[in-house]
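What follows is a set of notes on a single structure, which appears directly below.
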Amino acid sequence: MPRGKPYPMCRADKRTASRTHAGAFDPASDGRRRAAFQRRLIAWFRRHARSFPWRETRDPYAIWVSEVMLQQTQTAAVEPFFRRFLARFPDVATLAAAHPDEVLRHWEGLGYYRRARSLHAAARQIVALHGGRIPDDPETLQSLPGIGRYTAGAILSFAFDRPAPILEANSRRVLRRLLADPERPNDTTDSFLWQSAERLLPSRQAAVYNQALMELGGLVCLARHPRCRDCPVHDYCNTYRLGIQNEVAGISSTTRPTAVQELAIAIRQRRAVLLLRRAEGGRWAGMWDFPRLDITQEVARAGRRSNPTPPADRVEESVRRSLGLPIRLGPHFLRFRHAVTRFRITVDCFLAEVSSAETIPAGPKPTEPGWSEAAWLEPSSLEDIPLSSPGRRIAAALLTHWQTTPGETPERLVASPPRRTR
DNA sequence: ATCCGGACAT
DNA sequence: ATGTCCGGAT
């Protein structure tokens with residue numbers, strides 16, 4: 001990837017911006033004031049910008065990958081994934097040629113797996129339709145899966161330095177405060193903010209300017225306690241002037257979590273264990289996982305103080321019905337909790353053996369919705385497939401269990417109530 | 001435990 | 001307009 005200094009640190013802006021008169025900042029009406037705002041913001045950015053690997057490049061591919069990873073994901077979480085991903089898939093052609101599962105494997109643990117699938121699909125589309133070059137116009141970019149208006153603007157401005165506006169969580173917060181209508185400071189629409197972002201954008205230095213806007217939101221114009229005294233553009237801020245910056249906050253939708261009880265079963269046959277692939281559209285789409293049963297209803301019916309595990313024969317019957325597989329339930333070996341979107345899932349994990357004498361060759365066809373594929377895998381190959389985070393956790397516990405109890409045989413597998421693993 | 005964060009479908 | 005998808009940081 002091209003290296004170097006994409007945003008040369010020119011001398012700090014020594015000019016003192018003129019004191020601003022009172023009144024709402026309207027970027028459309030005052031070009032001089034807008035230019036001063038831009039200079040202040042950019043000068044601040046040159047002093048305070050954090051260093052990230054995706055800021056060390058202007059390679060549109062690397063910037064695209066980073067922006068997709070950064071969707072709904074914080075910078076600290078993204079960094080190691082970004083490095084690994086770029087090392088393995090250094091360019092569009094390499095990514096397009098890769099197996100989907102390997103792409104997913106490199107995304108494992110980052111979440112929102114549709115992003116990885118879209119990225120891969122888009123890479124193939126770029127090779128097939130655009131000669132392997134990342135498009136540099138907004139319409140074509142947004143025709144690619146996983147690229148919306150923000151990501152298109154980010155690629156256009158960061159990589160190509162085109163004057164394309166961006167609006168994401170950080171810059172949205174900045175502009176919401178900066179441009180708030182004093183009468184209705186919380187009624188600002190995204191449509192208005194997009195228009196404003198476009199009007200505020202300088203025709204040159206769009207890359208630095210856009211990143212400065214985001215960085216200000218990330219470091220100074222914080223949701224909870226905005227550090228307005230440190231803000232280089234507080235003179236231009238409609239809410240700072242009125243002291244109502246704390247009244248304009250991102251209203252977090254208070255969708256309270258739903259408790260879910262699940263059973264995960266590691267079903268063994270000879271040396272292999274049964275894995276299922278999660279279907280399109282749901283959680284962990286395209287990722288492999290251990291067979292899981294939602295037992296929330298049963299637990300609720302049985303009463304809250306009772307053992308959260310249904311009787312072994314009920315579980316065995318349920319697996320026979322959904323997977324067409326005769327099993328004998330073994331011991332409980334792991335309990336953990338996992339929070340995902342608005343669900344708080346408690347997972348109880350059990351060993352199990354296929355109870356039929358005959359070998360069931362190609363995995364059962366899962367008839368239950370939610371699963372698309374099944375496979376019997378040797379423990380060692382669990383490393384090679386993309387697993388959901390809970391799935392990876394179960395796999396790790398399973399490998400430990402098998403290593404510490406090497407002599408375990410089906411005869412010794414006896415169902416027992418879950419121990420409290422807290 | 002709560003907070004944080006774009007694309008897409010509906 | 002609203003809901004869905006994820007995991008790590010705090």
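In what follows, chains are A, B, ... by sequence order, proteins preceding strands, each numbered from 1.
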Let's see if you can work this out: which of [options] has an atom nearest to the side-chain heavy atoms of [X]?
| X | options | answer |
| --- | --- | --- |
| A:Ala77 | C:dG8, C:dC5, B:dG5 | C:dG8 |
| A:Thr341 | C:dC6, C:dT4, C:dG7 | C:dC6 |
| A:Glu168 | B:dG6, C:dG7, C:dC5 | B:dG6 |
| A:Arg344 | B:dA1, C:dC5, B:dC3 | B:dA1 |
| A:Thr151 | B:dG6, B:dC4, C:dG7 | B:dG6 |
| A:Ala169 | C:dC6, B:dC3, B:dG6 | B:dG6 |

Go nucleotide by nucleotide along DNA chain B from the 5' end; which of A:Leu144 and A:Thr73 gets its closest nucleotide reached first?
A:Thr73
Let me know, please, whether A:Leu167 or A:Ala339 comes out on the 5' side of the other along DNA chain B by nearest nucleotide.
A:Ala339
Take atom [atom1] of [X] and atom [atom2] of [N], then tell me their distance rounded to the nearest Å.
| X | N | atom1 | atom2 | result |
| --- | --- | --- | --- | --- |
| A:Arg172 | B:dG6 | CZ | C1' | 8 Å |
| A:Arg392 | C:dC6 | CZ | C1' | 16 Å |
| A:Trp107 | B:dA7 | CH2 | P | 12 Å |
| A:Ile345 | B:dA1 | CD1 | P | 15 Å |
| A:Asn170 | B:dC3 | CG | P | 17 Å |
| A:Asp190 | B:dA7 | CG | P | 12 Å |
| A:Tyr112 | B:dA9 | OH | C1' | 15 Å |
| A:Arg149 | B:dA7 | CZ | C1' | 14 Å |

Hey, is the side chain of A:Arg114 pairing donor to acceptor with the base of B:dA7 inside 3.5 Å?
yes
With a 3.5 Å cut-off and heavy atoms only, can you find an N or O donor on one side and an acceptor on the other between the side chain of A:Gln72 and the base of B:dG6?
yes
Can you classify the ring geometry of A:Trp284 versus A:His338 as parallel (below 30°), tilted (30 to 60°) or perpendicular (above 60°)?
tilted
Verify the contact: side-chain N or O of A:Tyr150 to OP1 or OP2 of B:dG5, cut-off strictly under 4.0 Å; return yes or no.
no
N/O (side chain, A:Arg342) to phosphate O (OP1/OP2, C:dC5) under 4.0 Å:
no
Using the side chain to side chain contact (heavy atoms under 4.5 Å, CB included) rule, pick out the option among [options] that qualifies with [X].
| X | options | value |
| --- | --- | --- |
| A:Ile267 | A:Leu275, A:Val273, A:Leu325 | A:Leu325 |
| A:Val260 | A:Val340, A:Thr296, A:Ile295, A:Val347 | A:Thr296 |
| A:Trp288 | A:Glu108, A:Arg278, A:Arg277 | A:Arg277 |

Touch class at under 4.0 angstrom, heavy-atom based, for A:Arg115 against every strand present:
nothing
Categorize A:Pro145 for me: base, sugar-phosphate, or nothing, with a 4.0 angstrom heavy-atom threshold over every strand shown.
sugar-phosphate
If we ignore hydrogens and angles and just use 3.5 Å, is the side chain of A:Arg55 paired with the main-chain N or O of A:Arg50 as donor and acceptor?
yes
From CG (A:Leu334) to CG (A:Leu351), nearest 0.5 Å
11.0 Å
